[in-house]
2 protein chains.
Amino acid sequence: MKRSGRWGGEGDKRASTVVTMADVARSAGVSTMTVSNVINGRPRVGAATRERVLAAISDLGYQVNLAARHLRAGRTGVIGLAVPELERPYFAQLAGRLADRFETHGLRIVMERTGASREGELDAVAFSRLRMYDGLILSVVDIDPAELTQIRTDAPVVMIGERALPSRFDHVMMDNVDGARQATAHLLATGARRVAILGGNPDITASMPSLRAEGYAVAHREAGVPVDPELVVRCSFRLQDGSDAIRSLLDRGIGFDAVFALTDVVAIGALRALADAGLRIPDDVQVVGFDDIDEASYLVPSLSSVNPGHEEMADTITSLLIAQINGGPTGDPKELIVPAQLVQRGTTRPAG
Amino acid sequence: MKRSGRWGGEGDKRASTVVTMADVARSAGVSTMTVSNVINGRPRVGAATRERVLAAISDLGYQVNLAARHLRAGRTGVIGLAVPELERPYFAQLAGRLADRFETHGLRIVMERTGASREGELDAVAFSRLRMYDGLILSVVDIDPAELTQIRTDAPVVMIGERALPSRFDHVMMDNVDGARQATAHLLATGARRVAILGGNPDITASMPSLRAEGYAVAHREAGVPVDPELVVRCSFRLQDGSDAIRSLLDRGIGFDAVFALTDVVAIGALRALADAGLRIPDDVQVVGFDDIDEASYLVPSLSSVNPGHEEMADTITSLLIAQINGGPTGDPKELIVPAQLVQRGTTRPAG
DNA sequence: GTGAAAGCGCTAACAA
DNA sequence: TTGTTAGCGCTTTCAC
């Protein structure tokens, strides 16, 4: 043993030393190179030697040090997925889809959170434990568009989630504007005249809330229905925010006959408050969410929602990143918009 | 520049070289040590030198290589959280809580999935990209108890989720048996006589399903109500499994007046199928879940569920792991059971 | 089929 | 205040 491990006490019942390849080599009476060859299943190793090495490995409880391996290899086999919050169902479900796909390429997804803050996001890419990852999938919500252009990195990056930003990065977006337009148009087409819109802050240019609010406005324009600013409720994206938003409208006596929630989570919160107020869904108030999370179709009544193109989104992200990893840039950074599709369920009335 | 980078084409509009500390040192006319000192904000560096180094860094777009740093330091500052599936709300929400806590210790949580398979779990700990992490929080569901004892690692590990397993690892559990007992007892106390139990496979010894099934049996025994094996439905833990389970009972004409779902997700799936069948909740059928995920109190009707002690669980995991990281083992491996508590909501009738 | 040497990029320890 | 040396644990290259 070269040195005592982290818990180096003698008589420690747990493992107590850090075993290196050199230890194994010594114990097996071979060179580290041979140990390396055995571990990596490389061909030209004698059967007897291999046996001895394997015995020594299991004897000493050797484990490769991946930090060293990565330093040498220049790659880690892991893809980072940096999202605002780990607990948002949309991202959790996206992570699952991506993990399935990258697994087939021999890569593992690890998920971390940015806290939806500029600092957290920059941290994920620029100030860069980036070389920990062979690639990064970053959900940008707070980084300034201008800053994006400054970021310097060699590593493969795919951005997701926000609107078209002229940037040097591959970028996959959902069609926020059109999805919101579809949702709102359906509400208006089925008789709603006062559609409340809940979540986020639509005043931040290029943000998801502003894009979805734009689709909301477009639908109103197309239907010739005016938008009442009182129906725009700014709030965050947790369950409670949806409930609070509805309660705030009711308390202030602001009438509405439909709700467009910027995310399904907000919609679920809203449904709770509507039920508490004794309002019937969809007879008194229709509700549409956005994201089409798995839960949407299981709620009672089931939640109408905008499917942002889950499968296509995951496919696109995967192939862009894999292309970067394998081939380098194949021309200009790509910017792709995945079409969204309203899914009508029980919280809305059927179209005319 | 030492060598062309991963995408080394000339005229590439993106960054095209990997810049090392040595490059910066050369460009600034100092040694790598000085660069290192500047980057790490160490004190004894002349102001002028610092300026020159910083200029060179921003000039060349230098970024530290963390693989190298970690190799040197022997630590990474990251804590791995390995869970069966990234999209299960219970784990997503646990991850958020843990991330909050570890952040205050200057550590980041990254989340990866094991696929609930023995292989994935062993991969996370034994076959060891373990030294990628300063510590690992592992949700064990498929590893054989005996295997657990074989695992050799120096790294701090805290196991979560399953029952008491004699092992060399710190281990934090929810009180599966008592939580399930509380849930079932409440159903029986409020008039239910045929309680269906949905999810998992209770035949696997020491598994979460078997423990919760045990609590279910205990409550029946205490109430003097016999258990009908037909009411035990084995299924996985997705939304659809909950719906399918209910449909299967109804199709087979097996009567029941209450449902204990092994997880809230299964409960949500069950509620959907019950609604489809025109059954009223809780009048015709009462429902209780387990996990008390955030969504539970927002459903309509709100879902009664067993809170497995979320905050205490997160606190306990954090302090055990931090203790291991800082101090090594402070005696024998700890095994802690966090008390569970039934939360009564709208899917059950009030007690007494 | 096996090994020796060199070095991935960084930093602790010591020297100047 | 700054630089030199050495080496973290591994793998590539090339010699034997």
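Any value given below was found using the heavy atoms of this structure, including those in side chains, with hydrogens, waters and symmetry copies removed. Just so we're on the same page: letters track the sequence lines, and every chain starts at 1.
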Query raised in the report: Under the salt bridge (Lys or Arg N to Asp or Glu O under 4.0 Å) criterion, do B/Arg26 and B/Asp23 qualify, and how do the steps go?
Result: CA-CA 5 Å; B/Arg26 206 169 307 128; B/Asp23 296 321; 3.3 Å; yes
Query - Per-nucleotide protein contact string for nucleotides 10-16 of chain D, where B marks a base within reach and S marks sugar-phosphate only (heavy atoms under 4.0 Å, - for neither) - result: BBB----
Query - Between C1' of C/dT2 and CZ of A/Arg52, the distance in whole Å - result: 11 Å
Query raised in the report: Between D/dT1 atom P and B/Arg44 atom CZ, what is the distance in whole Å?
Result: 7 Å
Query raised in the report: Between C/dG9 atom C1' and A/Arg75 atom CZ, what is the distance in whole Å?
Result: 18 Å
Query raised in the report: Given side chains that start at C-beta, do those of B/Thr34 and B/Thr49 come closer than 4.5 Å, heavy atoms only?
Result: yes
Query raised in the report: Is any side-chain heavy atom of B/Ile79 closer than 4.5 Å to a side-chain heavy atom of B/Leu321?
Result: yes
Query raised in the report: Charged N to carboxylate O under 4.0 angstrom, A/Arg108 versus A/Glu103?
Result: no
Query raised in the report: At what distance, to the nearest 0.5 angstrom, does CG of A/Leu86 lie from CG of B/Leu81?
Result: 8.5 Å
Query raised in the report: How many angstroms lie between atom CG of A/Leu66 and atom OG1 of B/Thr76, to the nearest 0.5 angstrom?
Result: 11.0 Å
Query - Separation of atom CG in A/Asp23 from atom C1' in D/dC8, rounded to whole Å - result: 13 Å
Report task. Report the distance from atom CD of B/Glu51 to atom C1' of D/dT1, rounded to the nearest whole Å. Result -> 16 Å
